[in-house]
J.: 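I'd like to ask you about the structure that follows.
This is a predicted model, so every value here is computed, not measured. Each ligand, and each atom within it, is numbered from 1 in the order the structure gives.
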Amino acid sequence: MEGEGTATGRQRRATASQLDQWTVQDQVFKIYGAFASIPRSAQSVISIWTASILKVVLYERSRPWLCYWILHSIALLGESVDDELEDNAIDFLSRCQMPHLATTYAAVNSLVTLGGHKALSSINRDNLYKFLSRMKDSSGAFRMHDAGEIDVRACYTAISVASILNILDDELAKGVGNYILSCQTYEGGIAGEPGSEAHGGYTFCGLAAMVLINQANSLDLASLIDWVAFRQGVECGFQGRTNKLVDGCYSFWQGGVFALLQRLPAFGGEGFGTSDVEVEWVSDSTSEGDDEDRDSSDDNEALHPEPDQEGHQSSSHSPESSTAVHIHHSRHNQLEPLFHTMALQQYIVLCSQEQEGGFRDKPGKARDYYHTCYCLSGLSVCQYSRSKNENSPPLPTSVLGPYSNLLEPIHPLYNVVSRQYHDAREFFSKY
Ligand SMILES: CC(C)=CCC/C(C)=C/CC/C(C)=C/COP(=O)(O)OP(=O)(O)O
Ligand SMILES: [Zn+2]
């Protein structure tokens, strides 16, 4: 019998990413070996040179992301950039040469966020379609880049850009659903690849991709919703996975999962009309006053949960009263937000926000553009979680702090501001 520690035993249990990672590790160790054998005097020059190449590669890879995080944050705040910056951003994004699905998604979302003829027409949809087809594996799933890793993130970014650019067809969609289904774990959340651990980032990607290809109902939605409901911690923020710390960025990755779920017909929502992916908002059969009254009492409970005898959180999180069951039995058949939206706003505004501006993972960490983008996106999801449609703004009681804290609504399938989504949709339906 092969022992746990043997190479063959290790190989047999390995995921595709682990195998990739070990290949890279072997190469790095070989480089270390070669490095150790050269004269000491040459080592420092080479190490400075290698570090700067690595820095350039990583920086180049993240630049479209920086554009998206910054532009989307500005758009969420209801602001726009000046003409010169807009022109420079369009010019820069059209010169990015390293094809990669994640940066393609970031660049497309940046251009959609900038909006207007110049930004939208700078996207070469024919070439992009060819790139997406090249990234498609024979299994149906997508890989991130040429010879790159296959995972749920790649599936989402490919399907998301294809959908928003109106080039999604059966060929691109074929097999994606089965791959994502194989990534839903025993916990209910979705992992990056089969056999890995469920994680909020991949759960958002997997669910959004399934909605876009009209296959969300083939997931085990009841266990998915229970998994995500249990990820909101006593600190009021979300953790990315079981037994890990809460982090501001999961306000969107997990909060966005709720925003998607509550629009699904299976949970009483009105759907996305997935053939043309129009945003529909949750219908509401009760009076707004009634709704908002309950909001505040629920949120008080959320902030001060009654511990049970073993010190666990309140009974609404016990397995006997699973979240899925609650949804269907809520008063007057009205759909409640499926998480504590005011509590999450408290975590975002009071714990993730930096005094000087910007957002972070948690107190003690530094602010950055990634966390700023995803904390603001999560905040918007919370604020609009009870809105009937994007033209009826939330009541003040749904917004933590002054009403001037209200952000723009997002389209949760793509995480771009709704108005920009509609403009892009219209633009790409004509061209
Ligand atoms: C569209 C797109 C590209 C989406 C990316 C989705 C996303 C955020 C995936 C998360 C990946 C991951 C396993 C992080 C764990 O990091 P960690 O171990 O440092 O954090 P943790 O302790 O919170 O799990
Ligand atoms: Zn984070």
J.: For atom 3 (C) of ligand 1, grab the closest protein heavy atom and report residue, atom and distance to one decimal in Å.
T.: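 Ranked first by proximity to atom 3 (C) of ligand 1 is Arg153 CG, 3.4 Å.
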J.: So, of the N/O/S atoms that His371 has, which is the nearest one to the Zn ion (ligand 2)?
T.: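 Closest N, O or S atom of His371 to the Zn ion (ligand 2): NE2.
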J.: Run the numbers for me: atoms of ligand 1, each under 4.0 Å from some heavy atom of Gly201, listed by number.
T.: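 Near Gly201, the atoms of ligand 1 are 6 (C), 7 (C), 8 (C), 9 (C).
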J.: Pairing donors with acceptors under 3.5 angstrom, does anything connect the side chains of Thr242 and Glu187?
T.: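 A donor-acceptor contact under 3.5 Å links the two side chains.
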J.: Are more than 12 heavy atoms, taken from residues, nucleotides or ligands other than Asp170, located less than 6.0 Å from that residue's CG atom?
T.: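 No, the 6.0 Å shell around CG holds no more than 12 heavy atoms from other groups.
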J.: Can you find a side-chain donor-acceptor pair between Asp137 and Tyr179 that sits under 3.5 Å?
T.: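 No.
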J.: Can you tell me if, anywhere in Asp361, an N/O/S atom lies at a distance from the Zn ion (ligand 2) that is smaller than 2.8 Å?
T.: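 Not a single backbone or side-chain N, O or S atom of Asp361 is under 2.8 Å from the Zn ion (ligand 2).
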J.: Check whether any protein heavy atom sits under 4.0 Å from atom 19 (O) of ligand 1.
T.: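 Protein heavy atoms within 4.0 Å of atom 19 (O) of ligand 1 - there are none.
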J.: Quick one: look up the protein heavy atom nearest atom 24 (O) of ligand 1 and list residue, atom name and how far away it is.
T.: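 Result: Arg241 NE, 2.6 Å.
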J.: For ligand 1, which is the ligand I care about here, please tell me if Tyr250 has any N or O atom under 3.5 Å from one of the ligand's N or O atoms.
T.: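 Such a contact does occur with ligand 1.
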J.: What's the shortest distance from atom 14 (C) of ligand 1 to any protein heavy atom, and which residue and atom give it?
T.: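 Looking only at protein heavy atoms, the one closest to atom 14 (C) of ligand 1 is His199 NE2, 3.5 Å.
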J.: Check the orientation of Tyr374 and Phe252. Use parallel for under 30°, tilted for 30 to 60°, and perpendicular for over 60°.
T.: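 Aromatic pair Tyr374/Phe252 classed tilted.
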J.: Does Ala102 come within less than 4.0 angstrom of ligand 1, counting non-hydrogen atoms of the residue?
T.: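 The answer is no, since Ala102 has no heavy atom less than 4.0 Å from ligand 1.
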J.: Would you kindly say whether Ser196 and Tyr202 are connected by a side-chain donor-acceptor distance under 3.5 Å?
T.: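 No.
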J.: In terms of the angle between their ring planes, are Phe258 and Phe339 parallel, tilted or perpendicular, with boundaries placed at 30° and 60°?
T.: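 Taking Phe339 first and then Phe258, their aromatic rings lie parallel (interplane angle under 30°).
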J.: In terms of atom number and element, which parts of ligand 1 are under 4.0 angstrom from non-hydrogen atoms of Trp65?
T.: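 Answer, ordered by atom number: 3 (C).
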J.: With a 3.5 Å distance limit and no angle check, can you tell me whether Gln239 reaches the backbone of Val246 through a side-chain donor-acceptor pair?
T.: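 Absent.
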J.: Taking the Zn ion (ligand 2) as the vertex, measure the angle between atom SG in Cys249 and atom OD2 in Asp247; round to 10°.
T.: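 That angle is 100°.
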J.: Show the numbers, then the answer: is there a side-chain contact (heavy atoms from CB on, under 4.5 Å) between Ser218 and Met210?
T.: CA-CA 9 Å; Ser218 35; Met210 289 299 258; 3.8 Å; yes
J.: When you look at OH of Tyr370, are more than 12 heavy atoms from neighbouring residues, nucleotides or ligands closer to it than 6.0 Å?
T.: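 Yes - once you tally the heavy atoms of other residues, nucleotides and ligands closer than 6.0 Å, there are more than 12.
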J.: Does an N or O anywhere in Tyr370 fall below 3.5 Å from an N or O of ligand 1?
T.: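 Such a contact does not occur with ligand 1.
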J.: Under a 4.0 Å heavy-atom limit, does Trp253 contact ligand 1 with its side chain, its backbone, both, or neither?
T.: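 For Trp253, only side-chain atoms sit under 4.0 Å from ligand 1.
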J.: When you check the side-chain N and O atoms of Asn109 and His72, is any donor under 3.5 Å from an acceptor?
T.: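 No - no donor-acceptor pair under 3.5 Å links their side chains.
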J.: Nearest protein heavy atom to atom 22 (O) of ligand 1, by residue and atom, and its distance?
T.: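 For atom 22 (O) of ligand 1, the nearest protein heavy atom is Lys244 NZ, 2.7 Å.
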J.: Any idea which part of Cys249 is under 4.0 Å from ligand 1, heavy-atom wise: side chain, backbone, both or neither?
T.: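 Looking at Cys249 and ligand 1, no heavy atom falls under 4.0 Å.
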